Amino acid sequence: MEKCCSTTLEKPETKKHNHSEGDGHDHDGHDHSHDSGDQTVFQMFLPAIISFALLLLGIAFDNYIKPTWFTGWVRLVWFLAAYIPVGLPVLKDAYKSIIKGDVFSEFFLMGIATIGAFAIGEYPEGVAVMLFYAVGEVFQSMAVTRAKGNIKALLDQRPDEVTVIENNQPKTIKAKETKIGDVIQLKPGEKLALDGELLSDAASFNTAALTGESKPDTKNKGEAVLAGMINMNSIALVKVNTAYEDSKLSKILELVQNATAQKAPTELFIRKFAKVYTPIVVLLAIGICLLPYFFVSDYQFRDWLYRSLIFLVISCPCALVISIPLGYFGGIGAASRNGILFKGSNFLDSIAEIQNVVMDKTGTMTEGVFKVQEVSITPEFNKDEILQMVNVLESKSTHPVATAIHNYVGDINHSIPLENVEEIAGHGLKATVNGNELLVGNFKLMDKFNIGYDINHANIVYTIIAIAYDRKFAGYITIADSIKEDAKETVDKLHKMNVKATMLSGDKSTVVKYVADQLGIDNAYGDLLPEDKVNKVKEIKAKNQTVAFVGDGVNDAPVVALSDVGIAMGGLGSDATIETADVVIQDDKPSKIPMAINIGKQTKKIVWQNIILAFAVKAVVLILGAGGLATMWEAVFADVGVALLAILNAVRIQRMKF
């Protein structure tokens, strides 16, 4: 639940965190809630409507109708009846806060101010202050509920029922009752409710709910399909392999809803500020009421009490303490809508200040799918025979290079007698074929077995697979990974933001340099081990510069932990990435990196706009109130009015296009 005012300072979160802690909705110690639950808008406004009607009648009796009976205790009871619907809940919350040791809460301030107004006979103003405060609370509640609802509606769009195939017959059951192993029939236009494996030969899916990308994604038989995907064309069969509550979409939804538990430094500062600020304001209000007695010749207690009550109403830090979390929540929601998951509002702040984006190459800026570019076999060998032998040997490996060769050569010829297969770490594969030695790997493998060759492999920009047969160099295969279509656009946008781009990769330096040159990347380093990547990031941080690292979030865990913000690409496919990174880009598009930075910058801008607006208006009206130039009506604007303006500004980010 969101609360308007907080006086409890939470400890700053550490960079790595446990998402199971808290629900992300309880932002302070108060019981007063901005969560409207199942109430209708009319039910939420009903107390205010009753209070408003009685207040209007009371003002009419006072100033226009003027019945003789509307005096004394009758007038007091009338305005008390107008006050109770909106005032009683606030007084209850003030009492609960005091019991918990939180005396100087927003509810305490409003209670003292309005009770004080009654004490000096300003009944209509006492009712009006509490009425407008209550209306402001309802609007705040609606804003928070809508912000949460938008995100939940965005992500959690799973159908309640599914069609499963039992005994070759379709049967409709509740999605939550579906068991692992059940086969779901998915008609065109239907949304998948659970994660599973595609049994049909092929199917196209709209993945917008998961990735923010509406472009159809074609899946083939045996591939994973996820809850939230919409079947586009023909009827598809999906075998369920994950429980309803454990689906990727459930985890993403939980991640986003819990994101507000990770507080931004600005948010934590405002909470700390409110804790100190509110008691000081109460003491100042007492001073405004009593101190003039010693300095003013015509001191009137009633007048100075009225000024101090106005001061209390103005002083409520409501606009700050609700609009700032709402601003961050809006930023998290805007990012989610674009397929970017922030694990906390603290990372929105951090990413806005990033000066360097350090990225992995394979799978981040390139497709991560290797393809054969060139095959060069020396004339003394039969090209087809050599490729068939290499294909058989590579079938023993799970490396992407093996897949590329298999896709190029075709079906494996199992009749080739392969013996004594051995994998030599960091070098390649060795085997015996027809009594002769077959070597397939890098040129370090050739050097290791003293195989002579007459090519300068350092000048070749692609990954090279060297081949030797019968102790002779037989040729080589070059393999390359294609650059993603939006990779160049990504680097250009980063440069426009004055963010430097650095590429770190374990791939050979010539390949890394070639990709970096194509993209316009500032610095690129290849042939790196994980510890080398850590050292490179340390070098950047030693210059007092902030770093975001973009990678797979698993193999690069040490670098992710060291960086100010760890960004995982393609988090849709890996639970580990969701656990490791601070920001998860759900599709593989590197263009989402500058978009994430932009969302962070816009969120921070809106938060600071709200802070400046609230402080500026309150400062002016506080001075006017202390000087007797402001009434309760100006005080109401300074509190509720500014809060509503700040809320409207905060929710604006959810409508922005990035």
Side-chain angles (χ1 to χ4, degrees), residues 354-370 397-401 404 423-428 441-448 456-466 478-484 487 490-491 494 499-543 545-570 574 576-577 580-582 585 588 590 593:
I354 287 300
Q355 297 166 287
N356 295 271
V357 169
V358 178
M359 57 197 74
D360 191 20
K361 178 181 74 68
T362 307
T364 301
M365 304 306 280
T366 63
E367 296 288 353
V369 179
F370 289 89
S397 171
T398 57
H399 196 279
V401 165
E423 182 168 356
I424 302 168
H427 293 74
N442 54 31
F443 278 89
K444 287 189 285 186
L445 183 67
M446 301 295 108
D447 296 337
K448 182 179 177 69
N456 186 357
H457 59 85
N459 293 331
I460 299 175
V461 297
Y462 299 131
T463 301
I464 309 175
I465 308 302
T478 61
I479 292 176
D481 185 8
S482 56
I483 295 172
K484 290 182 179 178
T490 299
V491 178
L494 289 174
V499 176
K500 288 183 181 178
T502 301
M503 181 180 284
L504 305 179
S505 178
D507 208 343
K508 60 183 285 190
S509 294
T510 50
V511 177
V512 176
K513 185 177 185 305
Y514 173 76
V515 173
D517 289 344
Q518 294 288 307
L519 300 179
I521 287 172
D522 301 290
N523 300 297
Y525 305 94
D527 294 312
L528 299 178
L529 297 171
E531 55 266 31
D532 298 325
K533 293 182 181 182
V534 169
N535 291 331
K536 290 293 181 186
V537 171
K538 282 182 178 177
E539 285 175 20
I540 298 172
K541 289 182 72 71
K543 300 173 186 175
Q545 294 187 353
T546 52
V547 178
F549 182 82
V550 190
D552 60 18
V554 182
N555 298 331
D556 297 313
V559 203
V560 170
L562 180 64
S563 61
D564 296 286
V565 179
I567 304 175
M569 293 291 288
S574 170
T577 26
T580 308
D582 307 316
I585 293 175
D588 285 329
I593 301 167

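Quick note: numbers below take in every heavy atom, side chains included, and nothing from hydrogens, waters or symmetry partners. As the structure is a computational prediction, the values presented were derived from the model and not from experiment.
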**Q** Taking side chain to side chain donor-acceptor pair (under 3.5 Å) as the test, write out the residues that go with S509, two or more places apart.
**A** D527

**Q** For the residue pair Y462 and Y514, categorise the inter-ring angle as parallel (less than 30°), tilted (30 to 60°) or perpendicular (more than 60°).
**A** perpendicular

**Q** For a side chain to side chain contact (heavy atoms under 4.5 Å, CB included) with K533, tell me which candidate from L562, V358, D360 qualifies.
**A** D360

**Q** Measure the OG1-CE distance between T366 and M503 for me, rounded to the nearest 0.5 Å.
**A** 7.5 Å

**Q** Of all heavy-atom pairs between M569 and P590, which one has the smallest distance, and what is that distance?
**A** CE-N, 3.5 Å

**Q** What are the two closest non-hydrogen atoms of A404 and F370, and how far apart are they?
**A** CB-O, 3.3 Å

**Q** List in chain and number order the residues that pass side chain to side chain donor-acceptor pair (under 3.5 Å) with Q545, two or more places apart in sequence or in another chain; answer none if no residue qualifies.
**A** N356

**Q** I'd like to check V534 versus K538 (side-chain heavy atoms, cut-off strictly below 4.5 Å). Are they in contact?
**A** yes

**Q** What pairs with T546 under side-chain contact (heavy atoms from CB on, under 4.5 Å), at least two apart in sequence or on another chain?
**A** I354, Q355, D564

**Q** For the atom pair OG1 (T364) and CZ (F549), what is the distance rounded to the nearest 0.5 Å?
**A** 7.0 Å

**Q** Any chance you could measure I593, atom CD1, to I585, atom CD1, to the nearest 0.5 Å?
**A** 5.0 Å

**Q** How many angstroms lie between atom OG of S505 and atom CE of M359, to the nearest 0.5 angstrom?
**A** 12.0 Å

**Q** Tell me if the NZ atom of K500 is crowded by more than 12 foreign heavy atoms within 6.0 Å.
**A** no

**Q** To the nearest 0.5 Å, what is the distance between CD1 (I424) and CG (L445)?
**A** 5.0 Å

**Q** For residues 515-524, dump all side-chain donor-acceptor pairs below 3.5 Å to protein atoms at least two apart in sequence or in another chain.
**A**
{"residue": "D517", "atom": "OD2", "partner": "K513", "partner atom": "NZ", "Å": "3.0"}
{"residue": "D522", "atom": "OD1", "partner": "H495", "partner atom": "NE2", "Å": "3.3"}
{"residue": "D522", "atom": "OD2", "partner": "H495", "partner atom": "NE2", "Å": "2.9"}
{"residue": "D522", "atom": "OD2", "partner": "A501", "partner atom": "N", "Å": "2.7"}

**Q** Test of understanding: with side chain to side chain donor-acceptor pair (under 3.5 Å), list the residues that count as partners of T490, not counting sequence neighbours.
**A** none

**Q** Between L504 and V537, does the side chain to side chain contact (heavy atoms under 4.5 Å, CB included) criterion hold? Intermediate values first, please.
**A** CA-CA 9 Å; L504 305 179; V537 171; 4.3 Å; yes

**Q** Once you round to the nearest 0.5 Å, how far does CD1 of I465 lie from CG of N442?
**A** 7.5 Å

**Q** Under 4.5 Å between any side-chain heavy atoms of M365 and I483, yes or no?
**A** no

